[in-house]
Protein chains: 2
Amino acid sequence: MTDMSATNIVFLLFPGVTQLDFTAPAQALSRMPGAVVAGAASSLAPIATDSGFAIVPTHDFASAPQADILCVPGGHGVAEALGDAATIHFIARQAARAAWVTSVCTGAFLLGRAGLLAGKRATTHWAYTHLLPLVGAEHQPGRVVEDGQIVTSGGVTSGLDFALTLIARLKGAAVAQAIQLAIEYDPAPPFAGGHPDRAPDAVTTGLKQRVYDAAAARMEAALRGEGVIVLD
Amino acid sequence: MTDMSATNIVFLLFPGVTQLDFTAPAQALSRMPGAVVAGAASSLAPIATDSGFAIVPTHDFASAPQADILCVPGGHGVAEALGDAATIHFIARQAARAAWVTSVCTGAFLLGRAGLLAGKRATTHWAYTHLLPLVGAEHQPGRVVEDGQIVTSGGVTSGLDFALTLIARLKGAAVAQAIQLAIEYDPAPPFAGGHPDRAPDAVTTGLKQRVYDAAAARMEAALRGEGVIVLD
């Protein structure tokens, strides 16, 4: 990031991405002075998110600019993306020259598959933190975890806290505060239970039974599976 | 909303929409049991958001399903959308049969232009609340404001609080709590100043001078301007 006046921010896009995982940081980072946002995917075909919408990539992997900040979101599509060589190679190639390599939610496992979390402290969505050792990472509790140039964050909505934290570091607190005020980020969640540490046990248990026990098992199978991608 | 097992949630899309304004509520509402999400625009051409991405509408105005929940996001494109008859007619037609008519951020003014806020208590992004009387509404402070079937919310990120509040009302607290936990909405903003009531005065003043004094003047001109759209 030699020219601080322009900052290329590249978001990875893949089918089944969680729309808020990239939208929340994009909403904040795109307002950073000099920000240039790109969304890169394997082709320019629209990408179906998990929320009923489809996003048009701005670049394919070959044409994407080199990221100053690489952002890898998560989502239920991660388990499939872990097996896609083009996606993993793109992450590894971009990360090699990026100033900051970041993830939201289960995007951490894509960083991990690209070899970027070995020996690193990291976090991910609460339902998957026990799987971080499978990519060589040590789970550090926290909504935003920095280890050198690697910044990982917790589930979905944590991308906003990650982005504002990074903006404060890159451009100063005043810029980050102004962006936080511009997007009126003065949260008032209706319940206290946005994390299992604070949610009623019955809510956490029920949600795991309905969704996350199976989802984490799928992720574990993908992480342990055959066909580990050989990086260049 | 006669059949509670299926709920049509229709988001208005228009050029210059704030991506987080619709993504945050879509991320929560799409996980509500029975939710069917649509994104409706004047045509099926991709819509450029304010954040560097483009969204493909699922429907044009003619083909969109009747909403049970109509969601109108805001953004810097609202000032132009206020003058677009097809957009305002779509809102009015949908609202007439929707169970819930909602807005995030400056989307409130689109509801207002469609005649839906006359005599109502409402809110919008903090930089525009003084303009609510121009659409006949009374500003009520609050991140989420309900008045009958109309639910308006504050700037950008407030859409998450609005969506979880509405889910709790429609499907019960347990469902809303589970969705809040699934998206790990346990916010930890790096600064306290997400609203002018809590931000340092210098941050608020600087942001108004750089962005919102002019933006609010543009909105006011659009609201006072010629060519007020005649509803059917």
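Reminder, nothing fancy here: chain letters follow the sequence lines and each chain counts from 1. Quantities reported herein were computed from a predicted structural model and do not represent experimental measurements.
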Checklist line | A/Arg198 CZ: over 12 foreign heavy atoms closer than 6.0 Å | finding: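 Yes, because the 6.0 Å sphere around CZ of A/Arg198 holds more than 12 heavy atoms from other groups.
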
Notebook entry, point to check: Is it true that atom CG of A/Asp201 has more than 12 heavy atoms of other residues, nucleotides or ligands lying nearer than 6.0 Å?
Noted result: no

Check: If you measure from the Lys or Arg side-chain nitrogens to the Asp or Glu carboxylate oxygens, is any gap between B/Asp186 and A/Arg143 under 4.0 Å?
Finding: no

Specify which of [options] makes the most heavy-atom pairs with chain A at under 4.5 Å.
options                             : value
B/Ser158, B/Pro196, B/Ala188        : B/Ala188
B/Ala26, B/Ala54, B/Gly52           : B/Ala54
B/Asp197, B/Ile47, B/Asp21, B/Thr18 : B/Thr18

At a heavy-atom separation under 4.5 Å, does [X] approach chain B through its side chain, its backbone, both, or neither?
X        : value
A/Ala173 : both
A/Thr49  : neither
A/Ala176 : both
A/Leu13  : side chain
A/Ala168 : side chain
A/Ala199 : side chain
A/Thr165 : both

Specify the closest pair of heavy atoms between [X] and [Y], including all atoms of both residues, with the distance to one decimal.
X        : Y        : value
A/Tyr185 : B/Pro189 : CE2-CB, 3.4 Å
B/Gln180 : A/Gly194 : NE2-N, 3.7 Å
A/Phe22  : B/Gln19  : CE1-NE2, 3.6 Å
B/Ala182 : A/Val156 : O-CG2, 4.1 Å
B/Leu164 : A/Pro190 : CB-CG, 3.5 Å
A/Ser30  : B/Asp50  : OG-O, 4.3 Å

Chain B contacts, top residue of [options] (heavy-atom pairs, under 4.5 Å):
options                     : answer
A/Thr23, A/Leu207, A/Thr58  : A/Thr23
A/Leu181, A/Val36, A/Val56  : A/Leu181
A/Gly193, A/Gly39, A/Ala192 : A/Gly193

If you measure from [atom1] on [X] to [atom2] on [Y], what distance do you get to the nearest 0.5 Å?
X       : Y        : atom1 : atom2 : value
B/Gln27 : A/Thr157 : CD    : OG1   : 9.5 Å
B/Leu20 : A/Ile183 : CG    : CD1   : 6.5 Å
A/Ile55 : B/Ile55  : CD1   : CD1   : 3.0 Å

Notebook entry, point to check: If only atom types and distance count, is the side chain of B/Glu184 paired as donor or acceptor with the main-chain N or O of A/Trp126 below 3.5 Å?
Noted result: yes

Item checked: Non-hydrogen side-chain atoms of A/Gln177 and B/Pro200 separated by less than 4.5 Å -> yes

Notebook entry, point to check: Quick one: does B/Phe53's side chain get under 4.5 Å of A/Val37's, heavy atoms only?
Noted result: yes

